[in-house]
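Here's the structure, in structure tokens; my notes come after.
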Amino acid sequence: MKKQATLSRKTILLMAVVTGVIVANLNFIQPIENLIAADFNLSKAVVGMLAMVTQLGYAFGLLLIVPLGDIFNRYHLIQFMMVLSILSLLLAFWSPNAGIFAIATALVGITSVAPQIIIPYAGYLAPSLQRGKVLGIVLSGLLTGILLSRSFSGLLGSVMPWKNIYLVAAAIDLVFLAIIHYQLPHDARGHQDLRYWPVIRMLPKLFATQKALRGAAINGFCLFGMSNVLWSTLAFYLAAQYHLGSNVAGLLGLLGVAGVIAAPMIGTLVDQRSPRLTVGLGMIFSGVAFGIFWLVGHWLLGLIVGIVLLDLGTQFSQVSCQAIVQSLNRKESSRNNSVFMFSYFLGGSIGTLAATWAWSHAGWNGVCGVAVVFLVLAVLSHFAIGEPEKLATD
């Protein structure tokens, strides 16, 4: 199978849609945290930990499962992980108590890693001079899934029992499993002569020996951590400040459409200018967003403007860092992506935990303070480690 014949526009769009559908599983919990707390009689801090468990499960799925993309046929691996994800969603729907639900959310996180097998596959197939643009399109699908998942969850949570959200999600994933079974291209590489544990043991070495990977991993850790600082506490803030419910928290997620629209353009900017420039812009947008949240977040307009800027900052970071990571050794693309995305979602889970703790102890000021810590770490990494001025070419 020839690479150019495989990577048609139809293939790219299919990859974008599927990544969005699957990654949505991770974010259903955020707009409905108040509903879960009331149903299971939990504190807000404990519900925040459940959201963290989902992301932490995803981080370890990235670390331990995504490297299999360098070993096994990715066409079969993607479908196998989708089956496990559907079963995890059904367990979350059935959960009779908070303990079972915690296990289910961890499994949802661990098994929803197919997007991070698809992304390096797209990078592998893309011509080197178009890799940023292709990854920008696929990542725009990923971001669409993230932002629509919040709206989907928040709106459904306002009209039906919150557990039904997981049942509906399982049904949607089942439909897309059937679609990709017939439409996703088979992996021309086939099975690789690699062993699992040597591949896993290699991950720390990849991080230690590749400066570009280290810089991308730390930047992703910090900027996704900042994003989750907001989204893990937004439902609480809306209820306390504006007396608004989960449906509004979900609708505010739609503001991330700016990042979706911008993603292909960001990818082109990475290709034509510099990933170091676009990573810097991501930090600026995210920093300004939290400045607005802190100063005028008590006005709804300030909250809206800040959300748009934060989603743009997150997208600038993710597209840039993914392009950097996928421009490295292509035979190790899944392993490099595993290192990057593990750091990315580890930052997200720590951001969630720290923000919910800060909300419980210091309110909105504490939440904004947590974001400042992440931003300072990102800036220090930007100057101490840095990002390449240009992407590596084949």
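Quick caveat: nothing in here was measured; it's all calculated off a predicted structure. Every heavy atom of this structure was used, including side-chain atoms; hydrogens, water molecules and symmetry mates were not.
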Do [X] and [Y] make a side-chain contact, defined as non-hydrogen atoms from C-beta onward lying under 4.5 Å apart?
{"X": "Asp311", "Y": "Gln315", "result": "no"}
{"X": "Leu303", "Y": "Leu234", "result": "yes"}
{"X": "Phe374", "Y": "Val229", "result": "yes"}
{"X": "Ile65", "Y": "Phe60", "result": "no"}
{"X": "Phe293", "Y": "Leu310", "result": "yes"}
{"X": "Arg214", "Y": "Thr209", "result": "no"}
{"X": "Val367", "Y": "Phe236", "result": "no"}
{"X": "Trp231", "Y": "Ile307", "result": "yes"}

Looking at [X] and [Y], would you say the former's side chain and the latter's main chain have a donor-acceptor pair under 3.5 Å?
{"X": "Ser274", "Y": "Glu389", "value": "yes"}
{"X": "Asn337", "Y": "Val325", "value": "no"}
{"X": "Thr356", "Y": "Leu353", "value": "yes"}
{"X": "Asn97", "Y": "Ile100", "value": "yes"}
{"X": "Ser343", "Y": "Phe340", "value": "no"}
{"X": "Ser95", "Y": "Leu91", "value": "yes"}

Margin query: Heavy-atom count check: over 12 atoms from other residues, nucleotides or ligands less than 6.0 Å from Met49 CE?
Written below: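 Open.
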
Checklist line | Heavy atoms of other groups near Phe80 CZ, more than 12 under 6.0 Å | finding: no

Margin query: So if I apply the ring-ring contact (aromatic ring centres under 6.0 Å, His included) rule between Trp364 and each of Trp294, Tyr237, Phe290, which one comes out positive?
Written below: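 In the set Trp294, Tyr237, Phe290, the residue that makes a ring-ring contact (aromatic ring centres under 6.0 Å, His included) with Trp364 is Tyr237.
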
Next item on the list: Calculate, to the nearest 0.5 Å, the distance between atoms CG and CD1 belonging to Leu309 and Ile304 respectively.
Entry: 12.0 Å

Margin query: If I take atom CG from residue Leu89 and atom OG1 from residue Thr105, how far apart are they, to the nearest 0.5 angstrom?
Written below: 11.0 Å

Is a side-chain donor-acceptor pair under 3.5 Å present for [Y] with [X]?
{"X": "Asn219", "Y": "Ser381", "answer": "no"}
{"X": "Ser85", "Y": "Ser112", "answer": "yes"}
{"X": "His382", "Y": "Glu387", "answer": "yes"}

Minimum heavy-atom separation for [X] to [Y], with atom names?
{"X": "Met283", "Y": "Leu375", "value": "O-CD1, 3.7 Å"}
{"X": "Met82", "Y": "Asp173", "value": "CE-O, 3.4 Å"}
{"X": "Pro275", "Y": "Pro388", "value": "CG-O, 3.1 Å"}

Next item on the list: Go through the steps to decide whether Tyr121 and Leu77 satisfy the test side chain to side chain contact (heavy atoms under 4.5 Å, CB included), and finish with yes or no.
Entry: CA-CA 12 Å; Tyr121 192 19; Leu77 182 59; over 6 Å; no

Notebook entry, point to check: Should the ring pair Phe28 and Phe152 be called parallel, tilted or perpendicular, given that the plane angle runs from 0 to 90° and is split at 30 and 60?
Noted result: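 Aromatic pair Phe28/Phe152 classed tilted.
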
Check: Once the angle between the rings of Phe316 and Phe285 is folded into 0 to 90°, is it parallel (under 30°), tilted (30 to 60°) or perpendicular (over 60°)?
Finding: tilted

Checklist line | Co-members of Ile218 in a cluster of I, L, V, M, F, W and Y side chains, linked at under 4.5 Å | finding: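 Its cluster mates, by chain and number, are Ile385.
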
Next item on the list: Take Asn164 and Phe93 through the side chain to side chain contact (heavy atoms under 4.5 Å, CB included) test and state the conclusion after the steps.
Entry: CA-CA 6 Å; Asn164 289 3; Phe93 163 70; 3.4 Å; yes

Notebook entry, point to check: Listed by chain and number, what are the ring pair (Phe, Tyr, Trp, His ring centres under 6.0 Å) partners of Phe224, not counting sequence neighbours?
Noted result: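 Expected list: Tyr344, Phe345.
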
Next item on the list: For this output row, return yes or no: ring centroids of Tyr242 and Trp299 closer than 6.0 angstrom.
Entry: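 Here the rings of Trp299 and Tyr242 have centres that are no less than 6.0 Å from each other.
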
Check: Are Tyr75 and Val113 connected in a single hydrophobic cluster, I mean Ile/Leu/Val/Met/Phe/Trp/Tyr linked by side-chain heavy atoms less than 4.5 Å apart?
Finding: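 Val113 clusters together with Tyr75.
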
